[in-house]
Amino acid sequence: DAGVTQTPRHEVAEKGQTIILKCEPVSGHNDLFWYRQTKIQGLELLSYFRSKSLMEDGGAFKDRFKAEMLNSSFSTLKIQPTEPKDSAVYLCASSPGGAGTLYFGAGTRLSVL
Amino acid sequence: QQQVRQSPQSLTVWEGETAILNCSYEDSTFNYFPWYQQFPGEGPALLISISSVSDKKEDGRFTIFFNKREKKLSLHITDSQPGDSATYFCAASVQQGTGSKLSFGKGAKLTVSP
């Protein structure tokens with residue numbers, strides 16, 4: 001079975017640009033999560049979807065971060081406009097739901113200059 | 001507000017020693033505690049988990065000890081190997097029939113020296 005696929009693996013952006021990160025969850029999973037990972041803050045939840053419905057849109061990230069699930073097999077995270085402090089690894093994860101395990105993608109490393 | 005706290009932030013042990021990673025939590029309604037292991041360049045992956053009805057869970061060289069009264073748990077890695085060098089995340093959630101959302105600690109970087 002294919003795992004969670006994230007593209008691109010690396011992204012370099014100029015300050016003020018719009019970037020879109022992509023995620024394909026494990027087929028059949030109901031829950032999808034976007035996390036931001038930094039050494040200082042660890043894993044921070046950005047968005048949480050259940051059966052394509054947005055359940056949580058991380059408070060501190062609402063203004064410039066927007067996640068969408070276009071269908072059950074594809075999600076995007078848009079950051080607009082980017083700032084240098086957005087430099088981090090962005091992780092997508094999916095889960096069958098309930099007591100199910102989270103399956104993470106390998107992440108997208110974003111560098112904002 | 002950090003719901004899940006981990007200590008130490010980093011730990012170095014020699015090959016063959018036991019590594020102990022600690023975790024504590026705030027919310028007494030948490031009832032599911034997974035540990036995730038992350039290697040550089042990869043996403044975290046589930047290593048082992050425990051529910052609040054148990055006080056110990058063992059899987060090979062990895063053991064979780066859970067103290068509900070003190071809201072603490074620990075991950076013991078016995079006979080540590082260089083391949084265990086990774087970052088370990090403690091997490092917690094309230095398990096519900098319709099799904100759950102994990103709160104993660106900030107992680108602990110383990111280095112096992114040969």
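The chains referred to below are lettered A, B, ... by the order of the sequence lines, with proteins before strands, and numbering in each begins at 1.
- Leu102(A) is connected to Met55(A) through a chain of hydrophobic side-chain contacts under 4.5 Å among Ile, Leu, Val, Met, Phe, Trp and Tyr, so both are in one cluster.
- With a 4.5 angstrom heavy-atom cutoff, Gln6(B) does not touch chain A via any of its atoms.
- Note on residues 74-95 of chain B: pairs passing ring pair (Phe, Tyr, Trp, His ring centres under 6.0 Å), not counting sequence neighbours, are Phe65(B)-His76(B).
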Criterion side-chain contact (heavy atoms from CB on, under 4.5 Å) on Tyr36(B) and Thr101(A), from CA distance to verdict: CA-CA 10 Å; Tyr36(B) 281 76; Thr101(A) 300; 3.8 Å; yes
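- Under the 4.5 Å side-chain heavy-atom criterion for grouping Ile, Leu, Val, Met, Phe, Trp and Tyr, Ile20(A) is not connected to Val89(A) through any hydrophobic cluster.
- Of all residues spanning residues 105-113 of chain A, those with a heavy atom less than 4.5 Å away from chain B's heavy atoms are Gly105(A), Ala106(A), arranged by number.
- Leu77(A) and Phe74(A) fall into different hydrophobic clusters, where Ile, Leu, Val, Met, Phe, Trp and Tyr are joined by side-chain heavy atoms under 4.5 Å apart, directly or via other members.
- Sorted by first then second residue, the disulfide bond (SG atoms under 2.5 Å apart) pairs that include residues 9-81 of chain B, not counting sequence neighbours, are Cys23(B)-Cys90(B).
- Closest approach of Tyr35(A) and Leu102(B) over heavy atoms only: OH-O, 3.9 Å.
- Residues Phe33(B) and Ile20(B) are members of separate hydrophobic clusters, defined by side-chain heavy-atom contacts under 4.5 angstrom among Ile, Leu, Val, Met, Phe, Trp and Tyr.
- Within residues 44-64 of chain B, the residues having any heavy atom less than 4.5 Å from a heavy atom of chain A are, in residue-number order, Pro44(B), Leu46(B).
- Considering every non-hydrogen atom in both Lys106(B) and Gln41(A), the closest pair reads CG-O, 3.9 Å.
- Distance CZ/Phe104(A) to CD/Gln38(B): 8.0 Å, rounded to 0.5 Å.
- For Lys109(B), the NZ atom sits in a loose shell: 12 or fewer heavy atoms of surrounding residues, nucleotides or ligands are nearer than 6.0 Å.
- Applying the 6.0 Å contact sphere to CD of Gln17(A) captures more than 12 heavy atoms from other residues, nucleotides or ligands.
- In the hydrophobic clustering of this structure, Leu54(A) groups with Trp34(A); members are Ile, Leu, Val, Met, Phe, Trp, Tyr whose side-chain heavy atoms approach within less than 4.5 Å, directly or through other members.
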